[in-house]
Amino acid sequence: MIPFSPPRMDQKIIDEVVDTLKSGWITTGPKVKKFEERLTKYAGHKATLCTSSGSAGLELLLRWFGVEEGDEVILPAYTYTATANVIVHCGAKPVFVDVKRDFNISVKAIEKAITDRTKVIMPVDIAGFPCDYDEINALVKRKDITGKFNPKTKEQEMLGRILVLSDAAHSLGALYKGEKTGKLTDITVYSFHAVKNLTTAEGGAVCLNLPENFDNEAIYKYLRIKSLHGQTKDAFTKTKAGAWKYDVIEPGYKFNMTDIAAAMGLVEIERYDDDMLVKRKHIFDRYAKAFSNFDWAELPEYETELKKSSYHVFLLRIKNISENQRDEIIQKITERGVSVNVHFIPLPMMTYYRSLGNDIAKFPVSYDNFSRVISLPVYYDLTDEQVETVVNAVVGSYDVV
Ligand SMILES: *Cc1c(COP(=O)(O)O)cnc(C)c1O
């Protein structure tokens, strides 16, 4: 069986993890700090806070901005449930909008969904392809839009407009006009979950890139406290002689990353652009070339003049098929020994989000994308031969359905 997305685990990663295990310090400490600095240098934003997951990072920043009951947060209907769940955790209303043929949030749909309760927009770079960031950033700054904004907290007052909090769980290393995600919006959150391009088993990072009137470094220091029970000193700092005393400034969260996780991240980030992304692009190109021979295959956009993907998953769509036929094709592909997936079942189709009154009929492009998509495996150790096996399995399965 060809698996869908096993993590890249080689001796270098094992050695770095073992080094951490033997170092006498395994939770948040020097390696997390080093990984944060490395990520800041990598994407070029202002400061990075590592977290226990991407979800934790998203929730922490919604909380930081003061999102609460009565507020609305706009997000695409086509995303993983983490993006929406964190909004619900804060007591706010997730406002779903439709996406485009490139799977990403439609800026026109965002504009229509903005009300005087909108506090945050959460674009998601699906499959690693960046959203329309110039348009999104221009929209939130437009006079008629800022005029509707009702600030309730000090942070909202200072920003004076809707916050753009980008869910870049798929798009580490993706480019928009030559800039990396992390630097494209006010705040960007990466995920290092086991299936993501760069993994620390579980983990995430918050990239702070707030405008000049914010002190991003001071916000980093505050968020570090907020991510560790509101405690003024973390356990590592307290180990220093005489430094046992601390205060609790608020009932914070337990969202910190461990040094074991950061050890894995440190190895991967060093070879991410020149090795991991090169390999992934190679696999994307091979799929694109192979499927361009079939007129029933609809290839995803992954490189344009403006944007370059991080090649997270290859979203192949089949033209003119129903959801049931797609399911049958997936069944046949699986029988041929290849694991495929669907990214994603739109959230308005999920029991919980339906119970909030959402109806998939209102998101026709999301449904159409979902009903015809098959996500193909893309990962470091996938060989050319295996890529061919995947292609043959898809083609053979299409032919019999
Ligand atoms: C994986 C993922 C997340 C959440 O990441 P975790 O690190 O697992 O919390 C958020 N959004 C999207 C789109 C994802 O795919």
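Read the numbers this way: they start at 1 and go in the same order the structure lists the ligands and their atoms.
- Within ligand 1, counting atoms from 1 as listed, the ones closer than 4.0 Å to a heavy atom of T83 are 11 (N).
- The side chain of A82, and not its backbone, has at least one atom closer than 4.0 Å to an atom of ligand 1 (non-hydrogen atoms only; side chain from C-beta on).
- In this structure, R280 fails the cation-pi test against Y311, since its NZ or CZ atom is not both closer than 6.0 Å to the six-membered ring centre and inside 45 degrees of the ring normal.
- By the 6.0 Å and 45° rule, K119 stacks over the aromatic ring of F149.
- When only interatomic distances are considered, the shortest N/O to N/O separation between T79 and ligand 1 does not fall below 3.5 Å.
- Using a 30° and 60° split on the angle between ring planes, F291 and W296 fall in the perpendicular class, above 60°.
- Side chains of E59 and Y253: a donor-acceptor N/O pair is absent below 3.5 angstrom, by distance only.
- Note on ligand 1: H343 sits outside its first shell, no heavy atom being nearer than 4.0 Å.
- Evaluated by nearest non-hydrogen atom to atom 1 (C) of ligand 1, the leading choice among E202, H312, K196 is K196.
- Under the 30°/60° scheme for interplanar angles, the aromatic rings of Y353 and F96 are found to stand perpendicular.
- Geometrically, R372 does not engage Y367 in a cation-pi contact defined by less than 6.0 Å to the ring centre and at most 45° from the axis.
- For G203, the closest heavy-atom approach to ligand 1 falls below 4.0 Å.
- Between Y176 and Y133, the ring planes are perpendicular. Angles over 60° get that label, and only those under 30° would be called parallel.
- In S55, the parts holding a heavy atom less than 4.0 Å from any atom of ligand 1 are both the side chain and the backbone.
- Taking every heavy atom of V124 and a limit of under 4.0 angstrom, the matching atoms of ligand 1 come to 13 (C).
- Contact atoms of ligand 1 toward S53: 7 (O), 9 (O) (distance under 4.0 Å to a heavy atom of the residue).
- Each of the following atoms of ligand 1 lies closer than 4.0 Å to a heavy atom of Y80: 2 (C), 3 (C), 12 (C), 13 (C), 14 (C), 15 (O).
- Listed by number with element, the atoms of ligand 1 under 4.0 angstrom from any heavy atom of H170 are 13 (C), 14 (C), 15 (O).
- Under 4.0 angstrom from ligand 1, there are no non-hydrogen atoms of V195.
- Considering both main-chain and side-chain atoms, L58 never comes within under 3.5 Å of ligand 1 through any nitrogen or oxygen pair.
- Here salt bridge (charged side-chain N to carboxylate O under 4.0 Å, His left out) pairs that include residues 249-264, with residues two or more places apart or in two chains, are K226-E250.
- Not counting sequence neighbours, the partners of D134 by the salt bridge (charged side-chain N to carboxylate O under 4.0 Å, His left out) test are K177.
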